[in-house]
Amino acid sequence: MGEVAEIIIGKVNLGLLEGDITRQATEAIVNAANSSLMGGGGVDGAIHRAGGPAILEECRQIVSRIGRLDAGKAVITTGGNLPAKHVIHTVGPVWRGGGRGEAELLASAYRECLQLASDYKLKSLSFPSISTGVYSYPVAEAAKVALSTVIAFLRDVPTSLKEVFFVLYDSGTYRAYSAMLAESAGQM
Ligand code: ADP
């Protein structure tokens, strides 16, 4: 099976990068947060470390307004000291074997981020691989849900976005996404 690093959907570029999402200069980056919005390990910890306390302060205000953030939902804050102006915080599902609505919750997390970015008229957005770290979602299955959901949104929903990236932290995750993107591109 081949690997693909970029496709074009309508007028939107969808690209895959291997690297650290906190360094990405897209207008927003997505955080794979947990429901408390109070920071954590993995990409969440990296974003709060690199972005500084302004992000956590806004998360606190959001939690005082709406309470915990359910899986599949998303909210937006400042990017603080990050190159990205905004962080979109979403909560992916914890993998419990696949029979507990995980795929639908993961798809919802991606869609809510894309919709928020569109509502804010953003032109560029970067995603990490939501749920495949501490939340243990199998990476090939997560890649399939992530890419098919993003491709369907960009194809079907009017959006300000021009560029969407997946920034994948390790080469195994990158390869899983690029193999899946090759498959998705073949079906378009
Ligand atoms: P979750 O709790 O949703 O599983 P994690 O942060 O544990 O979230 O992991 C999600 C993915 O993010 C994993 O593939 C992990 O390797 C990756 N990751 C960790 N740090 C970074 C980073 N700085 N940039 C991009 N991806 C990262």
Side-chain angles (χ1 to χ4, degrees), residues 3 5-6 14-52 55-56 59 63 68-98 100-114 116-117 124-150 163-181:
E3 296 188 3
E6 189 182 34
L14 173 60
L16 307 181
L17 303 169
E18 190 176 330
D20 178 350
I21 200 168
T22 66
R23 312 286 293 271
Q24 269 296 103
T26 47
E27 286 185 277
I29 64 171
V30 170
N31 182 16
N34 58 58
S35 291
S36 76
L37 292 181
M38 289 297 105
V43 71
D44 196 2
I47 286 172
H48 283 287
R49 272 195 304 279
I55 301 175
L56 198 60
C59 285
V63 171
R68 293 164 67 83
L69 190 68
D70 289 337
K73 302 286 185 196
V75 295
I76 189 165
T77 68
T78 177
N81 303 326
L82 293 169
K85 191 161 180 249
H86 306 277
V87 175
I88 296 178
H89 305 261
T90 192
V91 181
V94 176
W95 179 258
R96 294 201 172 88
R100 306 277 190 92
E102 290 95 331
E104 192 37 56
L105 287 170
L106 186 59
S108 172
Y110 281 101
R111 275 195 299 271
E112 287 235 346
C113 292
L114 291 160
L116 255 185
S124 56
L125 177 66
S126 298
F127 283 105
S129 176
I130 299 166
S131 283
T132 63
V134 174
Y135 283 1
S136 304
Y137 209 117
V139 65
E141 288 178 49
K144 186 170 193 167
V145 172
L147 289 168
S148 63
T149 302
V150 171
E163 288 184 302
V164 177
F165 296 100
F166 281 89
V167 182
L168 305 160
Y169 202 49
D170 60 274
S171 58
T173 304
Y174 180 87
R175 280 198 302 275
Y177 275 72
S178 60
M180 199 55 70
L181 190 60

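Worth knowing before you read on, the calculation uses all heavy atoms, side chains too, and leaves out hydrogens, waters and symmetry mates. Atoms within a ligand are numbered from 1 in the order they appear, just like the ligands themselves.
In this structure, the separation between CG on Asp44 and CG on Asn31 is 4.0 Å, given to the nearest 0.5 Å. Once rounded to the nearest 0.5 Å, the distance linking CG of Leu105 with OG of Ser131 reads 8.5 Å.
Atom 25 (C) of ligand 1 has its closest protein heavy atom at Ile21 N, 3.6 Å. What sits closest to atom 7 (O) of ligand 1 on the protein, heavy atoms only, is Val134 N, 2.8 Å. In terms of protein heavy-atom proximity, atom 3 (O) of ligand 1 is nearest to Ser131 N, 2.8 Å. The protein atom (non-hydrogen) at minimum distance from atom 6 (O) of ligand 1 is Val43 N, 2.8 Å. The protein heavy-atom contact nearest to atom 23 (N) of ligand 1 is Asp20 OD1, 2.9 Å. Ranking protein heavy atoms by distance to atom 14 (O) of ligand 1, first place goes to Thr132 OG1, 3.4 Å.
A side-chain contact (heavy atoms from CB on, under 4.5 Å) with Pro128 is found for one member of Val30, Thr22, Ile47, Val167 and no other, namely Val30.
Defined by atom type and a distance below 3.5 Å, a donor-acceptor pair is missing between the side-chain atoms of Thr173 and Ser129.
At a 4.0 Å heavy-atom cut-off, ligand 1 touches Val167 through the backbone alone.
Distances below 4.0 Å separate heavy atoms of Ala46 from the following atoms of ligand 1: 23 (N). For ligand 1, the atoms closer than 4.0 angstrom to any heavy atom of Ala32 are 3 (O), 8 (O).
Atom 17 (C) of ligand 1 has its nearest heavy-atom neighbour, among Phe127, Tyr169, Phe166, Trp95, in Tyr169. Comparing Pro128, Ala50, Ala142, Gly133 against atom 5 (P) of ligand 1, the shortest heavy-atom distance belongs to Gly133. Looking at Gly19, Ala176, Gly42, Ser129 and measuring to atom 10 (C) of ligand 1, the nearest heavy atom belongs to Ser129.
A salt bridge does not link Arg175 to Glu18: none of the charged nitrogens lies less than 4.0 Å from a carboxylate oxygen.
A heavy-atom distance below 4.5 Å is found between the side chains of Val75 and Leu37. Inter-residue side-chain proximity for Phe127 and Leu114 is flagged as met; some heavy-atom pair is nearer than 4.5 Å.
The local environment of CZ in Arg111 is crowded, with over 12 non-hydrogen atoms from other residues, nucleotides or ligands closer than 6.0 Å.
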